Amino acid sequence: NAGVTQTPKFQVLKTGQSMTLQCAQDMNHEYMSWYRQDPGMGLRLIHYSVGAGITDQGEVPNGYNVSRSTTEDFPLRLLSAAPSQTSVYFCASSYAPGQGAGGYTFGSGTRLTVV
Amino acid sequence: GEDVEQSLFLSVREGDSSVINCTYTDSSSTYLYWYKQEPGAGLQLLTYIFSNMDMKQDQRLTVLLNKKDKHLSLRIADTQTGDSAIYFCAESIRKLIFGAGTRLAVHP
């Protein structure tokens, strides 16, 4: 049982490049979300999905796209990387939004640096 | 709106109790969570409390919830060096909203 798997763990991009951060879960969770973590700011929600085919914006969606074609996968795309997107990115999943007595399961994170 | 606030730092002596405080704004939160993040790692769920409870105890952890004041606290008894980490409180409505995290430093 792998839980939530994020790849890659580390990535360096040049300004203007695009890339996709991968997130996969094997717990049949309906709810998946992407957060970014910056020093002193906690985790901020980028995008989330309440099920396959449904996505919505969080607090800081600009510069990111998501799609949810399957229950298992929730990739995050950076369209044109900017230094302000240097951060640690976490993917999380849960059985149901707002109902998770077991909480949310987090991946181990992707550390992204944009130069 | 939704907002969760925590103090940023706490320093305690090994063996003492630690109390980490959190305030939140949305009274419709159904669950409130405490997560722990060790250096270079993801977030690990420590404990949670349902919004109709006042207190929950789980071994060395005690969670207190004051719904009237929208105040949540996490008490760690007999704090050990392995408890050094960042602790996040989070409220859950339709999505999970985090505080900025409290960095707990445990010194001998």
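Reminder, nothing fancy here: chain letters follow the sequence lines and each chain counts from 1. Remember, predicted model here, so these are calculated numbers, not experimental data.
Residue contact with chain B, scored on non-hydrogen atoms closer than 4.5 Å, involves the side chain of Gln37(A) exclusively. There is no contact between Phe50(B) and chain A, counting heavy-atom distances below 4.5 Å. For Gln44(B), no part sits under 4.5 Å from any heavy atom of chain A, backbone or side chain.
Leu112(A) and Val66(A) fall within the same hydrophobic cluster, defined by Ile, Leu, Val, Met, Phe, Trp and Tyr side-chain heavy atoms under 4.5 Å apart, directly or through other members. Both Leu45(B) and Leu61(B) are members of a single hydrophobic cluster when ILVMFWY side chains are connected at heavy-atom separations under 4.5 Å. Taken together through direct or relayed side-chain contacts under 4.5 Å among Ile, Leu, Val, Met, Phe, Trp and Tyr, Val60(A) and Met19(A) form part of one hydrophobic cluster. Taking hydrophobic clusters as Ile, Leu, Val, Met, Phe, Trp and Tyr residues chained together by side-chain heavy-atom distances below 4.5 Å, Phe106(A) shares a cluster with Ile97(B).
Rounding to the nearest 0.5 Å places OH of Tyr35(A) at 5.0 Å from CZ of Phe98(B). Rounding to the nearest 0.5 angstrom, the gap separating the CG atom in Leu96(B) from the CG atom in Leu45(A) is 8.5 Å.
Within a 6.0 Å radius of CZ in Arg44(A), more than 12 heavy atoms belonging to other residues, nucleotides or ligands are found.
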